[in-house]
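Chain identifiers are assigned alphabetically (A, B, ...) following the order of the sequence lines, protein sequences preceding nucleic acid strands; residue numbering begins at 1 within each chain. Side chains are part of it too, since the values below use all heavy atoms of this structure and drop only hydrogens, waters and symmetry mates.
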2 protein chains.
Amino acid sequence: MLTTATAARAPQMPAAAQGWRDNQQASRRIADALHTLQDKLPIQRRVVHAGDKIYQAGDAFGCLHVVHSGIFKIINSAADGREQVVGFHFKGDWLGFDGIAAGQYGCDAVAMDTGEVWSFRYQALFEACAQHPELLSLLHEAMSREISRDRESLLSLCTLSADARVADFLRYWAESLAQRGLRTDQITLRLTRAEIGNYLGMKLETVSRAMSRLARDKVIQFSERGRRDVQIPDVAALSAFVQRSLTPAGETLQ
Amino acid sequence: MLTTATAARAPQMPAAAQGWRDNQQASRRIADALHTLQDKLPIQRRVVHAGDKIYQAGDAFGCLHVVHSGIFKIINSAADGREQVVGFHFKGDWLGFDGIAAGQYGCDAVAMDTGEVWSFRYQALFEACAQHPELLSLLHEAMSREISRDRESLLSLCTLSADARVADFLRYWAESLAQRGLRTDQITLRLTRAEIGNYLGMKLETVSRAMSRLARDKVIQFSERGRRDVQIPDVAALSAFVQRSLTPAGETLQ
DNA sequence: CGATGTGTTGACCGGGTTCAAACAATGTGG
DNA sequence: CCACATTGTTTGAACCCGGTCAACACATCG
């Protein structure tokens, strides 16, 4: 149906209001998608807790999964033991696409807190797609979004300094929450510094230092109870920080 | 149909022969896929030359493309001017998946040499998929493979040293050629050191130094006519180099 | 309480960047 | 044909960002 996720912009609208509308739309899209799925497919629901594995690299592929609640991390582990967090998945995101071509999953999918995943046989989805084009649309858009997201990761990995990468990560995280209708001014990271560092291609000490600097610059703020809780008064300030750190000198590039 | 790209292994087979069989299979799969596509869909063929853009970030999405010959690079450009090469596409690879969800392409796709792309309306493919499940299978496997490949990139970006990344890149490039039935002992890189560096998240000088070291270690060899031509007598030696550089000290980890 | 896991901060070091110079390959125009 | 410009590659030297190692703070939990 070629439905677009973000409709044509309204340039005369203030940026903040625009962002809010986008998030509303995203939230709506996700809710609709989950609704469509449970209408059209036999679904296996499963409640999971922190540390539970939805699937592991090497497991025979047969099912795709959709996050109904909770947050999940995807870990790509090489044969030689290297482990790399390659992505995080929130409500409405799909899990397991990498298994389709290979016939087996290529990564581990691990729950980071209590949540619920919906699973269904890929075969069943495949057949249902022929009957219900909207289902096919859903699937393709989800895969497309995943590809785009991975490329964003590559971009920030290759072009940003460590501090900027951390800022960009927090922006991404807050954005992801906002798109699910959750508050972002006060978020609880369910990751250790080591996990963040792994994802961002840096060491935990560097993450810690970067966050301290962000706090010193008032871009973020630590909650009084624990350094895992981060207050982000203004998400746009994180983007601004990233931009600022792109131009070391005050380049007046107009 | 849940067809798997790489069938069950035959463990008693020598690794080299196994690799050769895998490449044969891949080559066959690609040829079959192209065949299926032109059978089932109205295709727009287009010959392109080095530098030609198949599409640009921001262009309205409407078509998907498949590489029939030549090599293409995908460039993700941020609003602030950062440009990042996020992937290379060879014969049989698809272009444009990132446009499905957003309604517009998110990257540029640029030809690196003379080649041919097959394009078709996403809408037409979408409708044909309902009739021809094998078409849908093709599409999903291609998207799945793309996601897996991006994650491989993330893994090597985050876990490998500069030298190892260059070695791994050459291995990937040779492997990609081998899977298309092309020779790998003597390849001509159609990229500058700067482009390789951009893709690998390092500067061109670092690429140059890394390649000099690889040549000094006899893992690769420069052709007499120009440093763009690289001879790879043994692709496995590149993998071995990567593994070697993982363990700085001689860790006898059994 | 000690034990364990996590986060912060400092001091030092090294791999990769930056800056610079020289060289190679290719093309252009006289 | 050579002089010259252009673009890409190589290599050296100095510098710096982020890694490494270490000490300490601060939770939670048995």
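Among the heavy atoms of the strands lying under 4.0 Å from B:Arg209 is at least one base atom, whether or not backbone atoms are also near. B:Thr206 comes within 4.0 angstrom of a nucleotide base, judged by non-hydrogen atoms across all strands.
Residue B:Arg193 has a polar side-chain atom (N or O) positioned under 4.0 Å from OP1 or OP2 of D:dT10. At the phosphate of C:dT9, OP1 or OP2 sits under 4.0 Å from a side-chain N or O atom of A:Ser212.
For the pair B:Arg165 CZ and C:dG15 P, the computed distance is 14 Å after rounding to whole Å. Atom CG of A:Leu214 is separated from atom C1' of C:dT8 by 15 Å (rounded to the nearest Å). Rounded to an integer number of Å, the gap from NZ of A:Lys203 to P of C:dG7 is 15 Å. Atom CD1 of A:Ile220 is separated from atom P of C:dG7 by 13 Å (rounded to the nearest Å). Rounded to an integer number of Å, the gap from A:Leu204 CG to C:dG5 C1' is 12 Å. Taking atom CD of A:Glu205 as the reference point, atom C1' of C:dT6 lies 12 Å away to the nearest angstrom. B:Leu200 has its CG atom 12 Å from the P atom of C:dG16, to the nearest Å. At whole-Å resolution of the value, CE in A:Met211 and P in C:dT6 are 16 Å apart.
Separation of atoms CG (B:Leu95) and CG (B:Leu64) is listed at 9.0 Å; rounding is to 0.5 Å.
In the set C:dT6, D:dG18, D:dT11, D:dG18 carries the atom at the smallest distance from any side-chain atom of A:Ser161.
For A:Phe88 and A:Tyr199, the distance between ring centers is under 6.0 angstrom.
Electrostatic pairing of B:Arg171 and B:Asp168 counts as a salt bridge here, judged by a charged N lying under 4.0 Å from a carboxylate O. Using a 4.0 Å cut-off between a side-chain N of Lys or Arg and a carboxylate O of Asp or Glu, A:Asp93 and A:Arg180 qualify as a salt bridge.
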